[in-house]
Each structure stands twice: as structure tokens, then as C-alpha cells.
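In what follows, a structure is listed as C-alpha cells, so that the remarks can point back to it.
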Number of protein chains: 2
Amino acid sequence: MAALKYSRQRESIKEFLQNRYDHPTADTIYDSIRTIYPNISLGTVYRNLSLLANIGEINKISTGDGPDRFDGNVAPHYHFICRSCHSVIDLDMEDIGYIKDVASKNFNGKIDGHITNFYGICEECIKNL
Amino acid sequence: MAALKYSRQRESIKEFLQNRYDHPTADTIYDSIRTIYPNISLGTVYRNLSLLANIGEINKISTGDGPDRFDGNVAPHYHFICRSCHSVIDLDMEDIGYIKDVASKNFNGKIDGHITNFYGICEECIKNL
DNA sequence: TTCGTTGCAAATGTTTTGCACCTGA
DNA sequence: TCAGGTGCAAAACATTTGCAACGAA
């Protein structure tokens with residue numbers, strides 16, 4: 001495993017994500033970081049997002065529609081994805097981690113995790129109907 | 001809404017999916033259908049997959065890694081995705097649809113569905129470790 | 001005849017990668 | 001010094017789309 005070296009770009013991306021709660025896309029992150037480091041490249045953003053996700057310092061969220069999103073909050077929680085405006089919202093709900101045991105009952109492989117996303121229409125979009 | 005017209009390509013895709021249990025990708029479907037209709041184009045496969053998914057005759061599965069997969073079984077069920085070989089396997093488990101109510105408790109939008117995928121190592125890959 | 005469907009190819013959107021240069025340890 | 005990181009541009013990958021021709025109703 002390669003030794004990790006400090007990089008201001010990576011730090012900046014991590015810090016940016018830890019202060020946002022709207023699960024931005026790589027492109028949004030790129031645009032924002034560019035106001036601080038105008039020469040940063042999109043490739044660097046993707047490389048660092050992927051690196052940070054691999055070492056567990058951020059989470060990658062696949063919405064199933066459109067680009068991936070990133071989350072600086074690595075504490076276990078669930079997301080709601082609006083079918084109308086595609087915003088991704090953190091849910092304040094009790095843990096359902098036990099569904100992994102439900103799923104393991106008749107299965108011979110090893111289940112070590114799960115991803116659950118909830119879908120529907122967010123409060124804002126309901127108002128604008 | 002446009003009236004739906006018969007097409008042998010679409011029928012063929014639907015029938016193919018209803019006889020497969022391994023959740024193929026668009027490309028795999030394309031290759032297989034091509035043995036019957038050599039002139040079918042990948043665009044047509046995508047168009048029909050997307051159409052069939054929209055009218056609920058098949059399901060689209062986003063694995064969060066690699067291309068989307070498609071499922072001819074539209075009865076509610078859950079999937080296991082192997083982190084090693086990326087195969088997608090149907091789980092025989094009790095319904096957990098009620099987690100939608102758990103999620104709705106402190107949420108002001110309207111939740112109408114959820115997608116849960118389980119991750120881990122499949123039986124085959126455990127053997128080959 | 002009408003209008004949905006197709007094949008083809010080009011375009012799109014997202015993400016990854018090769019490479020020469022730069023930088024932190 | 002030197003391995004990891006960066007910027008840039010090109011490539012890869014999955015999917016969508018414009019268009020003229022085709023085919024079902």
C-alpha cells in the first residue's frame with residue numbers, strides 16, 4: 001500500500017465536503033475548489049474523491065440517476081432522493097442495520113453491508129406542485 | 001402518452017429477460033439478441049430497455065459500480081451484489097417494505113419507495129479465496 | 001397514411017488515465 | 001532524492017439522440 005502524502009488539494013476537498021450538507025457532485029466540488037485553487041483540474045478532484053472514499057473519509061452516493069454525489073458525513077445514515085428535483089437529503093431515522101441479518105437468513109454468501117436509498121417527492125417540490 | 005406499437009425487437013428483449021436470472025447488462029442483452037436479429041442496434045436495445053422499465057415490465061438495477069443491469073422479474077425482491085465478481089443475485093428474504101414507514105417518521109416529504117442492495121462476497125468467490 | 005420504431009452514427013455526460021512536471025517527506 | 005500528487009488532454013465508458021428509412025395499425 002502506497003504511503004499517503006499531504007496535498008492541499010485533497011485537504012481542501014475534504015474540508016469542503018465536511019462543511020456541506022447537500023451532497024454535491026464532483027463537478028460542483030470542482031467549481032467550488034477552483035475559487036481557492038484556480039488551477040486544480042477535474043481529474044485531480046475525481047482522483048481525490050475516489051481516494052478519500054476508499055479510505056473511508058468520505059462517502060460516495062450513487063443515486064441511480066445522474067452523476068455520483070459525495071458526502072463528508074461518514075456516520076451511518078440514510079438518504080432520501082427526490083424524484084422531481086433530484087436533491088439528496090439526510091434522513092433522521094432509527095437504525096435499520098438489522099435488515100442485513102434478515103437478508104442473510106437464506107443466503108450462503110457473506111453479507112457485510114447494504115445501501116438503502118428512499119425515493120419520493122421532497123417537501124419543496126410538494127409545495128411547488 | 002404515445003400509443004405503443006408492436007416491435008419484434010422489444011418482444012425479443014422482454015422475453016430474453018424473462019428467461020434469465022442473472023441480471024444482464026444492456027451490452028450482454030445486445031450481444032444475445034443479435035444472434036436472433038443480427039441488425040439490431042445498441043441504441044434500440046437501450047431505447048427498449050428504458051421504455052420497458054418505464055412501463056414497469058422490467059426493472060433497472062443500478063449497482064453503483066459499472067453499467068446498469070436489467071431484471072425481467074418485477075415482483076418485489078432484493079439483490080445481493082458481490083464485491084468481488086460483481087454478480088447480482090436474487091435474495092430469498094422476508095419483505096422489509098415497512099422501512100419506508102420508519103424513514104417517513106421525521107420527514108416532511110413523501111416517500112413512495114426505496115431501493116436496498118446488499119453487498120458482500122458471494123458463495124462462489126468465498127470458495128475461490 | 002400515420003406515427004411509433006429502427007439502424008446508424010454522432011454526440012453527450014461522467015469518470016478514468018497516460019504522461020511529463022511538481023512537491024512533500 | 002524519490003514516490004506520490006498534479007494539471008492537462010485524450011481516452012474510456014455508458015448511454016442518449018438526430019435523422020432518414022421502415023413497418024405496424
Side-chain angles (χ1 to χ4, degrees), chain A residues 1-17 23-55 57-71 81 85-88, chain B residues 1-17 23-55 57-71 81 86-88 117:
Chain A
M1 181 82 77
L4 210 46
K5 208 176 276 188
Y6 172 89
S7 110
R8 59 180 111 200
Q9 290 91 336
R10 189 189 304 133
E11 280 312 300
S12 159
I13 290 169
K14 197 165 94 180
E15 197 195 317
F16 175 74
L17 275 178
H23 318 86
T25 63
D27 209 64
T28 302
I29 296 165
Y30 171 58
D31 281 342
S32 301
I33 304 291
R34 227 171 7 156
T35 65
I36 310 169
Y37 301 109
N39 294 321
I40 197 173
S41 78
L42 189 52
T44 295
V45 171
Y46 271 105
R47 267 187 293 242
N48 280 309
L49 286 172
S50 152
L51 190 161
L52 290 167
N54 283 338
I55 63 178
E57 303 212 0
I58 64 171
N59 271 334
K60 177 157 116 167
I61 309 169
S62 295
T63 62
D65 178 72
D68 288 342
R69 290 161 167 277
F70 297 88
D71 193 342
I81 299 165
C85 68
H86 302 103
S87 63
V88 176
Chain B
M1 179 82 81
L4 209 47
K5 211 175 273 190
Y6 173 87
S7 111
R8 60 180 112 201
Q9 291 90 335
R10 188 187 306 133
E11 280 311 300
S12 160
I13 290 169
K14 198 165 95 180
E15 196 195 318
F16 175 75
L17 275 177
H23 317 87
T25 63
D27 210 63
T28 303
I29 296 165
Y30 171 58
D31 282 343
S32 301
I33 304 290
R34 231 179 354 164
T35 64
I36 309 169
Y37 300 108
N39 294 321
I40 196 172
S41 78
L42 190 52
T44 295
V45 171
Y46 272 105
R47 266 188 293 240
N48 279 308
L49 286 172
S50 156
L51 189 162
L52 290 167
N54 283 338
I55 61 177
E57 304 213 359
I58 65 171
N59 271 142
K60 176 157 116 170
I61 309 168
S62 296
T63 63
D65 178 72
D68 289 341
R69 290 161 168 275
F70 296 88
D71 194 341
I81 298 164
H86 303 102
S87 63
V88 177
N117 289 325

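Below, chain A is the first sequence line, B the second, and so on; all start at residue 1.
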> Taking all non-hydrogen atoms of both residues, which atom of B/Tyr30 and which atom of B/Ser41 are closest, and how far apart?
Replying inline: CE1-C, 3.7 Å

>> Just to verify, what does B/Phe16 make a side-chain contact (heavy atoms from CB on, under 4.5 Å) with, not counting sequence neighbours?
In response: B/Arg20, B/Pro24, B/Ile29, B/Ser32, B/Ile33

> How many Å lie between CZ on A/Arg10 and P on C/dT23, as a whole number?
Replying inline: 15 Å

>> I'd like to check the side-chain hydrogen bond (donor to acceptor under 3.5 Å, both in side chains) partners of B/Ser7; sequence neighbours left out, ordered by chain and number.
In response: none

> CD1 of B/Ile33 versus C1' of C/dG7: gap in Å, rounded?
Replying inline: 16 Å

> Of all residues at least two apart in sequence or in a different chain, which pass the side-chain contact (heavy atoms from CB on, under 4.5 Å) check with A/Asp68?
Replying inline: A/Lys60, A/Ser62, A/Phe70

>> On a heavy-atom basis, which atom in B/Arg69 and which in B/His86 lie closest, and how many Å separate them?
In response: NH2-O, 3.5 Å

>> For a 4.5 angstrom cut-off between non-hydrogen side-chain atoms, does B/Val88 reach B/Asn117?
In response: no

> Any side-chain heavy atom of A/Asp65 sitting closer than 4.5 Å to one from A/Ile81?
Replying inline: no

>> Run the side-chain hydrogen bond (donor to acceptor under 3.5 Å, both in side chains) test against A/Thr63 and tell me which residues pass, sequence neighbours left out.
In response: none

> Taking atom P of C/dT14 as reference, at what distance in whole Å does atom CG of A/Asp31 sit?
Replying inline: 12 Å

>> Tell me every residue that passes salt bridge (charged side-chain N to carboxylate O under 4.0 Å, His left out) with A/Glu57, counting only those two or more places apart in sequence or in another chain.
In response: A/Lys14

>> For DNA chain C, which residues of residues 37-55 of chain B approach it to below 4.0 angstrom with any heavy atom?
In response: B/Asn39, B/Ile40, B/Ser41, B/Thr44, B/Arg47, B/Asn48

>> Restricting to side-chain hydrogen bond (donor to acceptor under 3.5 Å, both in side chains), what partner residues turn up for B/Asp31, sequence neighbours left out?
In response: B/Arg34

> With A/Ser50, which residues qualify under side-chain contact (heavy atoms from CB on, under 4.5 Å), at least two apart?
Replying inline: A/Asn54

> Does anything in residues 64-71 of chain A reach DNA chain D, meaning a heavy atom under 4.0 Å, and if so which residues?
Replying inline: none

>> Ignoring hydrogens, what is the shortest heavy-atom contact between B/Lys5 and B/Arg10? Give both atom names and the distance.
In response: O-NH1, 2.8 Å

> Once you build an axis from the first five pairs and another from the last five of the helix from C/dT1-D/dA25 to C/dA25-D/dT1, how far apart in angle are they, to 10 degrees?
Replying inline: 30°

> Listed by chain and number, what are the side-chain hydrogen bond (donor to acceptor under 3.5 Å, both in side chains) partners of B/Thr28, not counting sequence neighbours?
Replying inline: B/Thr25

> Given C/dT23, is OP1 or OP2 found less than 4.0 Å from the side-chain N or O atoms of A/Gln9?
Replying inline: no

> Just by protein heavy atoms under 4.0 Å, how would nucleotides 20-25 of chain D read 5' to 3' in B, S and -?
Replying inline: ---BBS

